[in-house]
Amino acid sequence: MRVLLLASAFNSLTQRVFAELRDRGHRLTVHLACGDEPLREALRRDAPDLVLAPMLKAVIPPDVWSRYPCLVVHPGPPGDRGPSSLDWAIHEGAEHWGVTVLQADGRMDGGDVWATAGFPVPPVGKSDLYRNEASDAAVRAVLLAVRRFASGTYRPRPQHGPEWDAPEHARPYFDQGLRAIDWAADPAERVLRKLRAADSQPGVLDELLGGEWYLHGGHPEDELRGRPGELLATRAGAVCRATADGAVWIPELRPRRRPGGPETFKLPAVLALGARLPELPELPAPLELPEHRRTWAEIRYREQGRAGLLRFSFPGGAMSTDQCRRLLAAYRFACSRPTSVLVLGGGRDFFSNGIHLNVIEASPDPAEESWANITAMDDLVEAVLTTTDRLVLAALGGNASAGGVALALAADQVWVRDGAVLNPHYRLMGLYGSEYWTYTLPRRVGAATAERLTRSALPLTAAGAQRLGLVDRVIEASPEDFGREAARLAGLLAAGPAADGLIAAKKAARERDEARRPLAEYRERELALMHRNFFAPEEPYHALRSAFVRKRPRPGTPAHLDPRVLERRAPDLPLTEPPGTDLAEPGPQAPPGPSPRV
């Protein structure tokens, strides 16, 4: 079918629905909502069989939904209505929730139901829940709804009628009045629910150290105590704040925007507070944290037989210079242990999205901080690539993009949860990319496919990435179970007879590759192009980064999602454009003109 995806943003769910439907052979176009008339023009041009809205904040005009079948994904069960469905579910402590695919009509969230799917609600942040359990349920419901629509025989069921009478529960927008924390009275669990219901957006508005801030993210702390509302300690950029009966860790803050002032953006809490922050103890979490502890740690290590498990989880998947260096130190420790298999990752939600654009934006010299950050990422990736005494497995429980995908590709095997979305490109941020991707990507998928992936800048499902050779194993597991399943499989590999042979083979392959073309040469060439991206005044990177961190919407649908471009970039065909630099062989230093992937 011809399906037009109508969305307010090409966000994680829109990307996943796009990639899942494309995997199944549907012909897709994407239209980002920017007014009624551009939508009408897109419909006249594309003549879709179906309009599908995975994430839409705008109202579909009556002349559109009365002429075209329009299905809307609502992140709530049948009968639930309103713009803050997940916020309410987390706030009220729901243990189970749902996603509904509705027929658009004159009733907001009240149309007939094409499909619905339920999901559990673990104690995680709203954005994590949205990208994982809710996304899994949304895809199940969307695929069922699309199959039903394509059959031409299914009749959607009204939410209120003789066949199915779902109780209506219409709730208002979840505003800051409902989110407000009473530090003197609210117990830690209530504070955590409020923080989790607003972790990515919009944050919880609060007063702290003489300023107004949005608090982003919340994690429990089981040992520190203090006067309610008091800051107790710092850890890796986060602050610990006392509640009525305990304490919570808050990783990020965003200043409240002043009337007429510039847009603000999230930063690690310590960096955001700056000179306002009083002298507090810095309390690093032990790398090998006891299982019973309830505290926040970005990096953890444990062993299961002859398998080492190095987990990391950075807010938003971004990795600053400091985070890269700390993860490298932890990686080196893990490599000093007597294991034969090392699992890198294995947590839920983001694996990595590469360099930390927000920290870079806040730096006095963003170009220099960009350079320090990419150099630290390269150091980490190099350490993984040159590990030859054990197998390294990258375990991606959630999404990854740009340098995060390159970090995964440095491992010997890449294992991915079936619900993850991969974006193996840098182009949309005006960057050539580094992290040795010109070595690791072509060796997995070939030069032509590597060229296509980096130019087209389109998302891949885990299954699609496996078909291309980008991924070795797709693990069917819930977000909560993925880490345990990856650890179990790694333990079996470490204890099995094949491990020693695989380690010997990887060592020999690394030596052959180094003799053919040293890793240092890949790094030198990539960084020469990245240096130009960072420091040349005509490069678009700084403007693109500034717009990205401040969440400024781009006008209209991005060029790489233009339907004419999508038509000639089918998932199993090479680019129709002539290829750029041959990625498989060493070449001369970059020419003075712009990189073909920028």
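Sequential numbering from 1 along the given sequence is applied to the chain's residues.
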Enquirer: Just wondering, more than 12 heavy atoms not from Glu514 lying within 6.0 Å of its CD?
Expert: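 More than 12 within 6.0 Å, yes.
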
Enquirer: Report the C-alpha distance between Leu458 and Phe18 in whole Å, list the side-chain angles of each, state the deciding distance to 0.1 Å, and finish with yes or no for side chain to side chain contact (heavy atoms under 4.5 Å, CB included).
Expert: CA-CA 9 Å; Leu458 296 176; Phe18 171 91; 4.3 Å; yes

Enquirer: Charged N to carboxylate O under 4.0 angstrom, Arg311 versus Glu298?
Expert: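 Glu298 and Arg311: not salt-bridged.
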
Enquirer: Kindly say whether Cys335 contributes a backbone atom to a donor-acceptor pair with the side chain of Arg390 at under 3.5 angstrom?
Expert: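 Confirmed, Arg390 side chain pairs with Cys335 backbone.
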
Enquirer: Kindly say whether Val381 contributes a backbone atom to a donor-acceptor pair with the side chain of Tyr331 at under 3.5 angstrom?
Expert: no

Enquirer: Strictly distance-based, threshold 3.5 Å: is any side-chain N or O of Trp437 a donor or acceptor partner for the main-chain N or O of Ala402?
Expert: no

Enquirer: So that I can tick it off, tell me whether Asp136 and Arg140 are bridged by a salt bridge, with the cut-off set at under 4.0 angstrom between side-chain N and carboxylate O.
Expert: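 No, Arg140 and Asp136 are not salt-bridged.
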
Enquirer: Can Lys506 and Asp513 be counted as an ion pair, charged N to O under 4.0 angstrom?
Expert: no

Enquirer: So which atom in Ala462 and which in Val416 form the shortest heavy-atom distance, rounded to 0.1 Å?
Expert: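 Taking every non-hydrogen atom into account, CB-CG1, 3.7 Å.
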
Enquirer: Give a yes or no on whether a salt bridge exists between Asp322 and Arg325, defined as a side-chain N under 4.0 angstrom from a carboxylate O.
Expert: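 Salt bridge flag = no for Arg325 with Asp322.
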
Enquirer: Is it true that a side-chain atom of Asp412 and a backbone atom of Val392 form a donor plus acceptor pair closer than 3.5 Å?
Expert: yes

Enquirer: Would you give the length of the straight line joining atom CZ of Arg417 to atom CG of Asn399, rounded to the nearest 0.5 angstrom?
Expert: 8.5 Å

Enquirer: Atom OG of Ser336 and atom CG of Asp389: how far apart are they, to the nearest 0.5 Å?
Expert: 10.0 Å

Enquirer: Of all residues at least two apart in sequence or in a different chain, which pass the ring pair (Phe, Tyr, Trp, His ring centres under 6.0 Å) check with His26?
Expert: none

Enquirer: Quick one: is the NZ or CZ of Arg517 closer than 6.0 Å to the six-membered ring centre of Tyr522, and within 45° of its axis?
Expert: yes

Enquirer: By side-chain hydrogen bond (donor to acceptor under 3.5 Å, both in side chains), which residues pair with Lys507, not counting sequence neighbours?
Expert: Glu511

Enquirer: Determine yes or no for a side-chain-to-main-chain donor-acceptor pair under 3.5 angstrom, with His216 supplying the side chain and Ser200 the backbone.
Expert: yes

Enquirer: Please lay out, stage by stage, how Val343 and Gln304 fare under the test side chain to side chain contact (heavy atoms under 4.5 Å, CB included).
Expert: CA-CA 11 Å; Val343 178; Gln304 189 169 303; over 6 Å; no

Enquirer: Checking Glu451 side chain against Pro442 main chain: does a donor-acceptor pair fall under 3.5 Å?
Expert: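 No, the answer is negative, given that no donor and acceptor are paired below the 3.5 Å cut-off.
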
Enquirer: If you define the side chain from C-beta out and look only at heavy atoms, does anything of Trp97 sit under 4.5 Å from Asp80?
Expert: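 Yes. Closest side-chain heavy atoms under 4.5 Å.
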
Enquirer: Hey, what do you get for CD (Glu435) to CG (Leu441), rounding to the nearest 0.5 Å?
Expert: 12.0 Å

Enquirer: Quick one: CG on Leu287 to CD1 on Ile299, what's the gap to the nearest 0.5 Å?
Expert: 7.5 Å

Enquirer: What are the two closest non-hydrogen atoms of Pro122 and Glu133, and how far apart are they?
Expert: CG-OE2, 3.4 Å

Enquirer: Ignoring hydrogens and geometry, is there a side-chain-to-backbone donor-acceptor pair from Thr14 to Ala9 under 3.5 Å?
Expert: yes

Enquirer: Taking atom CD of Glu288 as the centre, report whether more than 12 heavy atoms of other residues, nucleotides or ligands fall under 6.0 Å from it.
Expert: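 Counting other residues, nucleotides and ligands, CD of Glu288 exceeds 12 neighbours.
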
Enquirer: To the nearest 0.5 Å, tell me how far Leu519 CG sits from Asp378 CG.
Expert: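 Leu519 atom CG to Asp378 atom CG measures 10.5 Å (nearest 0.5 Å).
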
Enquirer: Verify the neighbour count for atom CZ of Phe548: are there more than 12 heavy atoms of other residues, nucleotides or ligands below 6.0 Å?
Expert: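 Open: at most 12 neighbouring heavy atoms sit under 6.0 Å from CZ of Phe548.
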
Enquirer: Ion pair present between Glu485 and Arg473, side-chain N to carboxylate O less than 4.0 angstrom?
Expert: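 Looking at Glu485 and Arg473, the cut-off is not met.
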
Enquirer: Could you tell me whether the side chain of Asp472 and the main chain of Trp415 form a donor-acceptor pair under 3.5 Å?
Expert: no

Enquirer: Measure the acute angle between the ring planes of Trp296 and Trp249, then classify it against the limits of 30° and 60° as parallel, tilted or perpendicular.
Expert: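 It falls in the tilted class, 30° to 60°.
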
Enquirer: First locate atom CD of Glu382, then atom CG of Leu328, and finally report the distance between them rounded to the nearest 0.5 Å.
Expert: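 The CG atom of Leu328 is 9.5 Å from CD of Glu382, to the nearest 0.5 Å.
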
Enquirer: For Asp222 and Arg294, indicate whether the former's side chain and the latter's backbone hold a donor-acceptor pair under 3.5 Å.
Expert: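 Here the side-chain-to-backbone pair exists.
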
Enquirer: Nearest heavy-atom pair of Ala408 and Val414: which atoms, and what distance?
Expert: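 Closest heavy-atom pair between Ala408 and Val414: O-CG2, 3.4 Å.
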
Enquirer: Report the residues that fulfil salt bridge (Lys or Arg N to Asp or Glu O under 4.0 Å) with Arg24, sequence neighbours left out, ordered by chain and then residue number.
Expert: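 Partners of Arg24 by the salt bridge (Lys or Arg N to Asp or Glu O under 4.0 Å) criterion, ordered by chain and then number, come out as Glu20.
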
